[in-house]
Amino acid sequence: MSSRRPTPLAETINATLADLLERDPKVLLVGEDIGRLGGVFRVTRGLQERFGRERVRDSLLAESTIVGHAIGLSMSGLVPVCEIQFDGFTYPAVNQLVTQAGRIVNRWNGDIGLSLVVRIPSGGGIRGVEHHSESNEALFARVPGISVAYPSTGEDADQILRHAVGMGSPVVIYEPIRLYWRRNVPGRVGGSALPPTSARIVRPGTDVTVATFGAITNDVLAAADALSPSVEIEVVDLRWLAPIDMTTVLESVARTGRLLVVHEATKDVGIGAEVAAAVSERGFDSLKCAIRRLAPERRACPPADFEPGYQIGVDRIKEEVLGMVK
């Protein structure tokens with residue numbers, strides 16, 4: 001595996017946004033406190049000073065206004081990249097995203113494009129509680145007309161963001177909060193040659209396929225390292241959740257015969273359910289045992305002191321994998 005030191009998400013996203021603003025005068029940023037403050041997590045720090053208030057716009061404290069404003073900007077030929085402060089703050093903008101952004105391209109039979117990117121810090125691990133630690137990616141993954149991505153490294157975030165800006169249709173990008181400034185992550189294999197919408201095999205293995213995405217990918221990698229060589233886990237980072245690259249998952253399951261899906265969002269009606277159903281339909285003959293899903297139960301993220309017990313950690317992943325290879 002590569003020993004190359006990963007670039008933190010926040011550092012890479014800041015540089016990518018700066019390059020996009022520099023290269024294309026149609027690109028602009030919109031969000032709460034993203035200008036002088038640089039956003040809650042300082043991802044956009046320094047960009048307003050460099051590109052001005054018209055290109056890096058502080059918005060009202062109203063997510064519906066952020067997305068609604070961005071839709072209008074996009075229909076006028078601009079390329080807005082929005083930031084929502086926390087995943088749990090997205091709900092006021094659901095109407096704009098689902099009934100407007102998700103349908104405009106189809107409504108106008110492709111005559112009007114909608115270059116719109118919505119960046120959303122997501123997940124737990126920062127003792128944020130409730131609206132500050134949610135994972136609602138499945139909410140938009142099922143909406144026709146909206147693409148959803150969830151990078152777990154700075155390099156993937158750069159590739160996905162650049163692709164999303166040029167798609168001409170709405171893209172929601174979830175960014176794992178606890179990885180924004182983290183450098184000490186497990187090593188991975190695989191370069192950047194894959195298309196941004198493809199899943200990536202970040203660790204090869206022979207015994208169990210674990211499909212995952214976001215920050216918890218690192219926990220899966222740590223579990224894989226701990227269990228090796230007695231059990232070799234093949235780790236598939238989905239990266240792009242709508243549509244999901246099922247070809248890569250199915251090819252992996254054909255090699256290992258087992259599938260575990262792990263994610264931070266609650267288990268019910270999540271991405272894991274979709275992956276499990278697709279493999280059951282299209283790869284059943286490859287399976288040596290039942291598909292398993294590992295995710296929190298259906299309840300809100302608890303108070304900070306109880307968060308470690310709520311989250312899926314390395315030990316629970318190891319336990320689940322070992323239960324599949326008995």
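Excluded from the calculations below are hydrogen atoms, water molecules and symmetry mates; all remaining heavy atoms, backbone and side chain alike, are included.
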*asked:* Quick check for you: to the nearest 0.5 Å, what is the distance between L179 atom CG and L9 atom CG?
replied: 5.5 Å
*Is any side-chain heavy atom of Y180 less than 4.5 Å from a side-chain heavy atom of P8?*
no
_For residues 29-53, which residue pairs pass the salt bridge (charged side-chain N to carboxylate O under 4.0 Å, His left out) check, not counting sequence neighbours?_
E22-R50
*Quick check: does any side chain N or O of T217 sit under 3.5 Å from a backbone N or O of G214, one acting as donor and the other as acceptor?*
yes
*Group every Ile, Leu, Val, Met, Phe, Trp and Tyr by side-chain heavy-atom contacts under 4.5 Å, then state whether I216 and V314 land in the same group.*
no
*Without swapping roles, check the side chain of H263 against the backbone of G272 for a donor-acceptor pair under 3.5 Å.*
yes
*Same cluster for L61 and L29 if Ile/Leu/Val/Met/Phe/Trp/Tyr side chains link at under 4.5 Å?*
no
*Ion pair R142/E274, N-O distance below 4.0 Å*: no
*Using atom types as modelled and distance alone, determine if a side-chain donor or acceptor of T266 lies under 3.5 Å from a backbone N or O of D268.*
no
*So, T12 and D158: side-chain donor and acceptor under 3.5 Å apart, yes or no?*
no
_Is it the case that the side chain of D245 and the backbone of S198 share a donor-acceptor pair, with hydrogens and angles ignored and the cut-off at 3.5 Å?_
no
*asked:* For a 4.5 angstrom cut-off between non-hydrogen side-chain atoms, does P170 reach L97?
replied: no
*Checking side chain to side chain contact (heavy atoms under 4.5 Å, CB included) against V81, which of I34, V56, V117 comes through?*
V117
*For I177 and D87, run side chain to side chain contact (heavy atoms under 4.5 Å, CB included): C-alpha distance rounded to whole Å, both residues' side-chain angles, the deciding distance at 0.1 Å, then the answer.*
CA-CA 10 Å; I177 292 174; D87 196 340; over 6 Å; no
*Check the hydrophobic clustering (I, L, V, M, F, W, Y; side-chain heavy atoms under 4.5 Å; chains of links allowed) and say if V118 and L60 are grouped together.*
no
*Within one Ile-Leu-Val-Met-Phe-Trp-Tyr cluster: L322 and L260, side-chain cutoff 4.5 Å*: yes
*asked:* Would you compute the distance between atom CG of L287 and atom OG of S280 and round it to the nearest 0.5 angstrom?
replied: 6.5 Å
*Minimum heavy-atom separation for M324 to A290, with atom names?*
CE-O, 4.1 Å
*Residue pair R107 / I104, side-chain heavy-atom distance below 4.5 Å*: yes
*S152 OG to L238 CG distance, which is reported to the nearest 0.5 Å*: 10.0 Å
*Please report the C-alpha distance between V171 and I146 in whole Å, then the side-chain angles of each, then the deciding distance to 0.1 Å, and finally whether the side chain to side chain contact (heavy atoms under 4.5 Å, CB included) criterion is met.*
CA-CA 6 Å; V171 184; I146 295 179; over 6 Å; no
*What do the steps show when you test V208 against T256 for side chain to side chain contact (heavy atoms under 4.5 Å, CB included), and what is the final call?*
CA-CA 5 Å; V208 180; T256 67; 5.5 Å; no
Identify every side-chain donor-acceptor pair in residues 63-76 under 3.5 Å, counting partners at least two apart or on other chains, and give the distances.
| unit_1 | atom_1 | unit_2 | atom_2 | d |
| --- | --- | --- | --- | --- |
| H69 | NE2 | R57 | NH1 | 3.2 |
| S74 | OG | S115 | N | 2.8 |
| S74 | OG | S115 | O | 3.2 |
| S76 | OG | G72 | O | 2.9 |

*asked:* Quick check against the 3.5 Å criterion: does R55 have a side-chain atom that pairs as donor or acceptor with the backbone of L21?
replied: yes
_Donor-acceptor check, side chain of T153 to backbone of D156, threshold 3.5 angstrom: yes or no?_
yes
*asked:* Tell me the closest heavy-atom pair linking V43 and A10, and the distance in Å.
replied: CG2-CB, 4.0 Å
*Mind checking side-chain contact (heavy atoms from CB on, under 4.5 Å) for D19 and listing every partner two or more places apart, or none if nothing turns up?*
R23, R162
*In Å and rounded to the nearest 0.5 Å, what is the CG to OG distance from L250 to S286?*
8.0 Å
*May I ask you to decide whether E155 forms a salt bridge with R200, counting only side-chain N to carboxylate O separations under 4.0 Å?*
no
_Holding to side-chain hydrogen bond (donor to acceptor under 3.5 Å, both in side chains), I want the full list of residues that pass it with T90, two or more places apart in sequence or in another chain._
none
*asked:* With heavy-atom distances below 4.5 Å as the criterion, would you say the side chains of L221 and V202 are in contact?
replied: yes
*If you look at every heavy atom in A278 and M246, which pair is closest and at what distance?*
CB-CE, 3.6 Å
*Taking all heavy atoms of P151 and all of I160, pick out the closest pair and write down the distance.*
CB-CD1, 3.9 Å
_Does V231 form a side chain to side chain contact (heavy atoms under 4.5 Å, CB included) with V321? I'd like the steps, not just the answer._
CA-CA 9 Å; V231 179; V321 169; 3.9 Å; yes
*Any idea which heavy atoms bring E54 and L28 closest together, and the distance?*
O-CD1, 3.9 Å
_Determine whether a donor-acceptor pair (N or O, by modelled atom type, separation under 3.5 Å) exists between the side chain of S252 and the backbone of T248._
no
*Kindly compute the distance separating OG (S122) from CZ (R178), expressed to the nearest 0.5 Å.*
10.5 Å
*Are the side chains of E83 and E175 in touch, meaning some heavy atoms are under 4.5 Å apart?*
no
*Indicate yes or no: at least one non-hydrogen side-chain atom of D207 is less than 4.5 angstrom from one of I233.*
no
*Give a yes or no answer on whether the side chain of S230 reaches the backbone of L227 with a donor-acceptor pair at less than 3.5 Å.*
yes
*Is D225 paired with R203 through a side-chain N to carboxylate O contact shorter than 4.0 Å?*
yes
*What closest approach, in Å, do G123 and S135 show between heavy atoms, and which atom pair accounts for it?*
CA-OG, 3.5 Å
*Are any of the side-chain heavy atoms of L194 and R239 separated by less than 4.5 Å?*
yes
*Under a 4.5 Å side-chain heavy-atom rule over Ile, Leu, Val, Met, Phe, Trp and Tyr, are V269 and V148 clustered together?*
no
*Less than 4.5 Å apart, any side-chain heavy atom of I201 and any of R255?*
yes
*Side chain S59, main chain V30, donor-acceptor under 3.5 Å*: no
*Can you list every ring pair (Phe, Tyr, Trp, His ring centres under 6.0 Å) pair that touches residues 234-257, not counting sequence neighbours?*
H163-W240
_ring pair (Phe, Tyr, Trp, His ring centres under 6.0 Å) contacts in which one or both residues fall within residues 137-156, not counting sequence neighbours_ = Y150-Y174, Y150-F213
*Do side-chain atoms of E234 reach the backbone of G205 as a donor and acceptor pair under 3.5 angstrom?*
yes
_With rounding to the nearest 0.5 angstrom, report the CG to CD1 distance, L294 to I312._
4.0 Å
